[in-house]
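Here's the structure, in C-alpha cells; my notes come after.
Atom set for the values below is all heavy atoms of this structure, side chains included, hydrogens, waters and symmetry mates excluded. Order of the sequence lines sets the chain letters (A, B, ...), proteins ahead of strands, with each chain counted from 1.
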Protein chains: 2
Amino acid sequence: MASTRYDVLVIGAGIIGLSSAYHIKQNHPELSVLVIDRAHAVGQGDTAKSNAALRDTFTSTVNRTLARSSIEFYKHVQSEIGFNLNLDLVGYLWLLSENQVREYEAVEAEMRGQGTRLRTVEPDELGDLIPDLVLQPSSQQSGLMGLEGVEKGLFSIDCGTVAPELIVKFYENELKNLGAKFQFGTEAKAIRLAAKKSLGLPGEPLVWQDKVFKEVDTNHGPILADTIVLSAGTRNPQLLDPVGIDCMVKPRKNQLFQLRGSPLQRLLTTKGFNEQNTTPFTILPKGEVYFRPVPRERSLWVGAVAGLGHPFMLEEEPAADETYYAQNIYPVLSEYFPCFANLRPVNMWAGFYDVNSLDSTPIVAGVGNCIITAGLSGSGIMKADSVGRIAAALFDHKDEATLFGDRRISTAKVGLVNRAVEQEKFVI
Amino acid sequence: MASTRYDVLVIGAGIIGLSSAYHIKQNHPELSVLVIDRAHAVGQGDTAKSNAALRDTFTSTVNRTLARSSIEFYKHVQSEIGFNLNLDLVGYLWLLSENQVREYEAVEAEMRGQGTRLRTVEPDELGDLIPDLVLQPSSQQSGLMGLEGVEKGLFSIDCGTVAPELIVKFYENELKNLGAKFQFGTEAKAIRLAAKKSLGLPGEPLVWQDKVFKEVDTNHGPILADTIVLSAGTRNPQLLDPVGIDCMVKPRKNQLFQLRGSPLQRLLTTKGFNEQNTTPFTILPKGEVYFRPVPRERSLWVGAVAGLGHPFMLEEEPAADETYYAQNIYPVLSEYFPCFANLRPVNMWAGFYDVNSLDSTPIVAGVGNCIITAGLSGSGIMKADSVGRIAAALFDHKDEATLFGDRRISTAKVGLVNRAVEQEKFVI
C-alpha cells in the first residue's frame, strides 16, 4: 500500500486529540494535519462515555489552571462565538460527613485561598433546599454500612456540566475550516522509530543510534509524519510500551447509569443553587457516589469513583453492569436519597479513566518528534482545551504555553522528564 | 485445600524480598514469616541475571543514601561478620566524550559536593593505564557511527562488584536461623482484598466498604496473612493491577554477554585503579555500552543500557540473543576496545529491569496492610539492604527508617501517595 506523508499526524479524534490538532493547525495553517481514529466519527471513545462535568476545584495549581482556562474557553465558545455546548454552570455540591469535614478542612481553606468560589451550606439549609436528602440516615442498613450523617454541604459555584459531543463538533468544524484532514476507521497499530542517520544496517535503529519517530502503522497501511501527536487515551500505552516510553498511566473502567422517573422530578427541579433551578452535580459522603442532573433528558446520571479494589484493565468493548449499580451504588444512594428507591437504570454505559495515580495531573510530553497527551484521570473534558494548547506549545518547542485567558504554564513541568507538578489532593 | 495463616507473607525470594523479610523478622522474632517464590531456591529471578555492580554515584539524595548504606552493609557482612560476598571495590570508570563532559559537568560537580569520591583521569593517563583503549576511534566505521574521542575518564572509587547469589545466601541463612519459613515452587496468582467488616453481601468488598488485604492465591492454594510484602519485582504489576494499585513500573529486558579469551587478558589485569589490579567496571562513551570484570572467571560481562526504542514487555523465559550483541554492542565495543575484536560470547543470559521511568528511584510503599517494593530500575543489588530496612520501618508504621550506618530516611518520601524524591540525573 502506498504511504502518505503529513507534517502532523494526530492519533485519536477524542476531545484531547482534536484540541491538540486544532491549536497546532491554528498556529500553523500552512502545515498538513491528519487526524486518525479507529472509530467512524469524532469523540466516540471515552470522550462519549464521560460524565462530562466541569470543576475548578483542584488544590494543584496546574490542575486548577488547566481546568479554569478550559472552562472559560468553553464559555467563550458558547457565549461569544455562539456555538452551543450545553454548558450549564449548575455547580458542584459535596455532601460531607463529620470525618470528611475534618479531612478536607485544610484542602478547603487552600482552595478558598486560591480564589475558588466555594459556599458552605449548613445542614438546616441543605434540608430546606433539598427535601429529598436524608441528612442523618438511620435505617438498620445504614448503620451496618457505617453511613455517617451529612454535617456540611460545600457548594462550588464555577462548576457544572457540558456536552462533550458538542465540544468535539466545534473542534472538528474549525479543523475542517482550516483544512485539516480526517481519516476514520483507521487504527494505529504501532509507532515506528528509525535511525536519524540510517547506515542501512540490519536491526536499525540500533541502541547506539540517535532515533526519530518516522511513521505509524495502521490497518490501512503506514502513514509517514514529521510529528506524531499521540492522543489515544487509554490506548497510548499499547503504542508507547513497544518503543520503550512509559507514559505513567493505567486504564480504569468507569460506569454510568441513567435514572429517570417521577420520584426524581423534585430533585431535578431543586431551587436555590443555580439559575437552571436544578440539583447541582452532587457527591455523597460515602463510596464517592455522585449524580449529575440532565434536565434536558429529565434524568440523572449516577456513578461512583472506584479506587482500591477496582482493577486497572482495558476491555475492548466495555459494558456497564446493573449488578454493579445494585451492589456498589444503590445501597448508598437510596439511603441518602430515598427518591431513588426501587428505580432501575433506564440506560447505562462504560468507558475508561486514563489514570495517572502518582499526581492525578495530565501529562503533556515531547519525546523527540512525538508529543504525548495522557493521564487525564477522569477530568479530560474539563482540561482538554488547555492540554491542546500545551501540545501546540511543545510543537513549537516553547518553554511556556499560553492558555485561554492568558494564563501561562511551563511545558516542562507537565512533561515526563522533568515533571514537577504537585500531587492533587482533591480527586473528587 | 486447607489454608494456612502467617503474620507476614513475603512474595518473592529475590534479594529485595529477602532483605525485607530479614529486617522485619529481625525486629519481630516472635512473628511467623513465610517467604514464597515461584522458583525452587532463593535469588533465581532477576537477582541472578543482574550485572551485580555497585555504585554510590547518584545525584539524588535518596538513591545515594540507599546505595551507600547497602554497600556499607555488604562490606560489614564480608569484613566483620566474615561472610564472603565476593565484594570487590574495583571502581567505576566512565569514559566521556567531549559532549558528555559538558553534559555531566554540573552533575559531576554536584556529586563531588555531596562527598562522592571521584577522580578525573586525563586522556594521557588513560592511554598509559589502559593500553587496550582507543582514545580517538578513527576507522571509517567509527566515523559513520559518529563515535567521539574519549576526552576524560571519571573514576568513582567506592564502587565495584559483588555476588548477589552470596548476598541472598546470607539473608536466607539468617532468616532460617531466626525461624522464618520458605516455600518454593509457589507462585502468587492473586492478592485478595476483603471488606474490613464483612456484611456477607455478594460482590464484597464493595466500593463503599473499607478494605483489607486478606490472602494470596497460589498454585498451592490460598495463604492467609496479616501483612503481605510484595517483592515480586517485574511481576508486581500482574498482582497489583487487578486490585487497582499502580506501582508505576514497567519491565525492560537486559541482556548480558560473557566474553573470554587471551586478547582480554591484559584488560583484566589493568593496574593503577584498584588493589585487585583489574579493569574497573567501565562505561563507554556511546550506546551506554559497559563491561564488568570477572577475574575469577577470567572473563568480562558486557552489556548496554537500552532506552528509547527498547520495549517495555515481560517475557516468561527471557533469553539473550547473540544478534543483539553483534548489532548493538560489538560495533561500539570493538572500536574503543579492539581487544574484543572477533571474540564471540561464550555465555549469555537475560533478565529484566523493573523500571521506574519517572524518577529512577525505588518505591517502598504501604497500602493498608500491604507493603510494596518496586522500581529498582537496574540498581536493586546495590540498594537491597536499605529497601528492606524501609519495608521493615513501614511494617512498624514508622515515619522514618534507619539504614545501615545510622542514616535516616523518610518512609513517606519513597512511597506512592506523598512521593517526594528528586529525579535521578545520573542513570548510568
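If you measure heavy-atom distances from A:Leu144 to chain B, the contacts under 4.5 Å come from both the backbone and the side chain. Using a 4.5 Å cut-off between heavy atoms, B:Leu308 contacts chain A through both its backbone and its side chain. When heavy atoms are compared at a cutoff of 4.5 Å, A:Pro331 approaches chain B solely by way of its side chain, counted from C-beta outward. In this structure, chain B has a heavy atom under 4.5 Å from the side chain of A:Arg252, while its backbone stays farther away. Neither the backbone nor the side chain of B:Met313 has a heavy atom closer than 4.5 Å to any heavy atom of chain A. Within the 4.5 angstrom heavy-atom criterion, only side-chain atoms of A:Gln423, from C-beta onward, approach chain B. The contact between A:Val417 and chain B is made entirely by backbone atoms, counting heavy-atom distances below 4.5 Å.
Chain B forms more heavy-atom pairs under 4.5 Å with one residue of A:Asp241, A:Ile245, A:Leu147 than with any other, namely A:Asp241. Ranking A:Gly307, A:Pro202, A:Ala306, A:Ala304 against chain B, the residue ahead of the rest is A:Pro202, based on heavy-atom pairs under 4.5 Å. Most heavy-atom pairs under 4.5 Å with chain A, from the set B:Lys250, B:His310, B:Lys211: that is B:Lys250. With chain B as partner, the option from A:Lys286, A:Lys425, A:Met248 having the largest number of non-hydrogen pairs under 4.5 angstrom is A:Met248.
Looking only at distances, no side-chain donor or acceptor of A:Trp208 sits under 3.5 Å from a matching main-chain atom of B:Glu288.
Contacts from residues 357-365 of chain A to chain B, taken as heavy-atom pairs separated by less than 4.5 Å, involve A:Ser357, A:Leu358 in sequence order.
Each of A:Val332, A:Val289, A:Asn328, A:Val305 was checked for a side-chain contact (heavy atoms from CB on, under 4.5 Å) with B:Val207, and the lone residue meeting it is A:Asn328.
The distance from the CD atom of B:Gln327 to the CD atom of A:Glu204 is 9.5 Å, given to the nearest 0.5 Å.
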